[in-house]
Amino acid sequence: QMSLAKKDILLPVKFILLNPLDIRVVGSASFMSPQYMKVLNDYEIAQLKKASKEDQLMKDAQDEIYKKAYLQPAINWAKSRGFTHPLSYLVIIDSFLQSGQVFQFLRNRFPEKTPIDGGDEKDWITAYVETRHRWLSNHTNRAVRNSSYRTKDYLKMIADNNWNLDAPVRANGKLID
């Protein structure tokens with residue numbers, strides 16, 4: 001959200017604030033102070049993504065955003081509810097990465113309690129992963145449905161009793177070292 005002409009405007013994803021001193025983008029732009037606003041087309045977005053893969057500053061910024069926006073909130077959520085197993089943390093971090101949280105509406109679909117509330121950690125994680133798997137697998141959005149391989153992999157780890165992630169871990173069919 002930004003303030004533009006004394007109005008708060010939510011910009012669509014393809015609106016990006018660019019500082020002309022930091023980046024060069026071909027195309028027209030209307031200048032409004034030191035920053036300008038420009039609608040980027042798909043080609044320009046693809047070019048920026050391609051360039052960012054090779055830019056260490058962009059990689060560092062992405063890591064920082066990942067840590068602050070997803071990883072640390074997920075770890076805090078897990079710790080505050082008494083989770084201890086690496087697989088539990090993996091499941092919770094994945095939920096935050098994909099959805100920004102552990103959805104309450106999914107938690108409401110099973111009776112297990114978190115460890116801090118007197119529940120069993122493995123029972124809660126199992127119930128949560130099963131519930132999340134059903135939700136992802138039946139979602140109306142195809143991209144969300146296609147992500148159900150994640151929970152399928154977690155269910156396999158649970159079935160293998162791999163709570164400490166000691167055994168080889170596969171994600172979407174690929175071995176993770």
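What's counted below: heavy atoms across the whole structure, side chains too, no hydrogens, waters or symmetry copies.
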With a 4.5 Å heavy-atom cut-off, do Ile93 and Leu90 have their side chains touching?
-> no

Please indicate whether Phe96 has more than 12 foreign heavy atoms, meaning atoms of other residues, nucleotides or ligands, lying under 6.0 Å from its CZ.
-> yes

Can you see which heavy atom on Leu155 is nearest to which on Glu130, and at what distance?
-> CD2-CG, 3.7 Å

Under a 4.5 Å cut-off applied to non-hydrogen side-chain atoms, are Asp153 and Arg170 in contact?
-> no

Test side chain to side chain donor-acceptor pair (under 3.5 Å) applied to Glu121 - qualifying residues, sequence neighbours left out = Thr84, Ser88

For the side chain of His85 and the backbone of Leu87, is there at least one donor-acceptor N/O pair under 3.5 Å apart?
-> no

Is there side-chain contact between Lys79 and Tyr89, with heavy atoms separated by less than 4.5 Å?
-> yes

Pairs flagged by salt bridge (charged side-chain N to carboxylate O under 4.0 Å, His left out) wherever residues 131-141 is involved - sequence neighbours left out = Asp94-Arg132

Say whether, by atom type as modelled, one donor and one acceptor occur between the side chain of Arg81 and the main chain of Ile116 under 3.5 angstrom.
-> no

Not counting sequence neighbours, which residues clear side chain to side chain donor-acceptor pair (under 3.5 Å) with Asp117? List them please.
-> Thr114

Are Leu165 and Ile92 linked, directly or through other ILVMFWY residues, by side chains that come within less than 4.5 angstrom of each other?
-> yes

Kindly indicate whether the side chain of Glu112, heavy atoms from C-beta on, has any atom under 4.5 Å from the side chain of Asp120.
-> no

Asn162 (side chain) donor-acceptor with Asp166 (main chain) under 3.5 angstrom | yes

Quick one: does Trp135's side chain get under 4.5 Å of Arg109's, heavy atoms only?
-> yes

Nearest atoms (heavy-atom pairs only) where Lys67 meets Pro73 = O-CD, 3.9 Å

Path from Ile65 to Leu71 over hydrophobic side-chain contacts below 4.5 Å | no

Specify the closest pair of heavy atoms between Ser148 and Ser137, including all atoms of both residues, with the distance to one decimal.
-> CB-OG, 3.5 Å

Who passes side chain to side chain donor-acceptor pair (under 3.5 Å) against Lys68, sequence neighbours left out?
-> Glu64

Indicate every side-chain donor-acceptor pair of residues 122-129 with a distance under 3.5 Å to a residue at least two apart or in another chain.
unit_1	atom_1	unit_2	atom_2	d
Thr126	OG1	Lys122	O	2.7
Tyr128	OH	Ser95	OG	2.7

Determine, using the 4.5 Å side-chain heavy-atom cutoff (strictly less than), whether Ile158 and Tyr149 are members of one ILVMFWY cluster.
-> no

Applying the 4.5 Å side-chain criterion to the ILVMFWY set and letting contacts propagate, would Leu136 and Phe105 be lumped into a single cluster?
-> yes

Residues in side chain to side chain donor-acceptor pair (under 3.5 Å) with Asn76, at least two apart?
-> Gln72

